[in-house]
Amino acid sequence: MNALIVVAHPDDEVLGCGVAGAALADAGHRVHACFLAGHAEARGGLPSDNGLRADIDRAQSILGFGPPILGAFPNIKLNTVPHLDLVQFIERALLDTEADVVFTHHPADVNDDHLHTSRACQAAIRLFQRRPGVRRPRLYFAEVLSSTDWALPGGLPQFAPDTFIDATGLMDRKLDAMRAYRGVMRDPPHPRSEQVLRALAHFRGGQSGFNAAEAFQTAFCAGSVEEVFGG
Ligand SMILES: [Zn+2]
C-alpha cells in the first residue's frame, strides 16, 4: 500500500498522521508527505529554508517516511493561489506515489491554508474518474491540534472522527518527530504541547477502546469488500 499525506505545512503531517503514518511505514508500506507550502517563508521565529529542510528530513526519518514532496506555494496565502494549480500539484503527487490511501486536512480547520489544501485534495483524488488507469484512493481527514480544535461554530461541520488507529507504543515517536521541528512545540495549555498531544490521544483512545489513538474522518472509501473491510 502507498500512503500520501497531503498537508499545507511541515509539521502538519506529524500532528495529523504521525501515528498512522509510522504504523504504515513499520508494516512495510510506502509513506510520503506532500507539503504545499514547503518553504520557510512567514514561519515566524522558525528556521530558514535550509534549517526547515533539515527539520523536515529529520521528522520523516523518525517516522519512517520516504522523501517528501515539497511545494513552493506561499505560506499562509494559499487562498491567493488558483485552485487549479493546487489540484494539479496534488494530482502529480498522487501519480508519482501511486497512492492508495490519502490523508489531508479537515476543511473546517481554522487555518485557511488547511481549508484550501483540503478542497484541492478532494478534487485531486477524483483523478481516477477523469483519467483511465489511475488508482482509486481512499481519503481521510486528519485532526491537527491548534487548527482542527480551534474551529469555531458557524462554518462547515466540524471534525467527526469515525476511524481510529491504535497509538499505543507510538506516541513517543510522534512527539520526537514533532520536536524535530524547532520552534513548533509550546508549553501547555497550548495544543502543540506534549501534555495536550498525549491528552488528545488518550481521549481518542477512550472513544475507540485503545490506551491511545489517532483519529480520522472518512471522506471517501470505495472498493471491493476485501479492500474496504479487510480480509
Ligand atoms: Zn498547518
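Just follow the structure's listing: the first ligand is 1, and inside any ligand the first atom is 1.
The pair Asp26-Arg173 counts as a salt bridge, with a side-chain nitrogen and a carboxylate oxygen less than 4.0 angstrom apart. Checked for salt-bridge contact, Asp172 and Arg198 meet the test: a charged N lies under 4.0 Å from a carboxylate O.
In this structure, NE2 of His114 and OD2 of Asp12 enclose an angle of 100° at the Zn ion (ligand 1), rounded to 10°.
Between the Zn ion (ligand 1) and the N, O or S atoms of His9, the shortest distance is to ND1.
For Arg126 and Phe220, the positive end sits near the middle of the six-membered ring, less than 6.0 Å away and at most 45° from its axis.
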Phe65 vs Ile5, side-chain contact (heavy atoms from CB on, under 4.5 Å): CA-CA, chis, key distance, verdict: CA-CA 10 Å; Phe65 294 1; Ile5 302 170; 3.7 Å; yes

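The distance from the Zn ion (ligand 1) to the nearest N/O/S atom of His105 is not under 2.8 Å.
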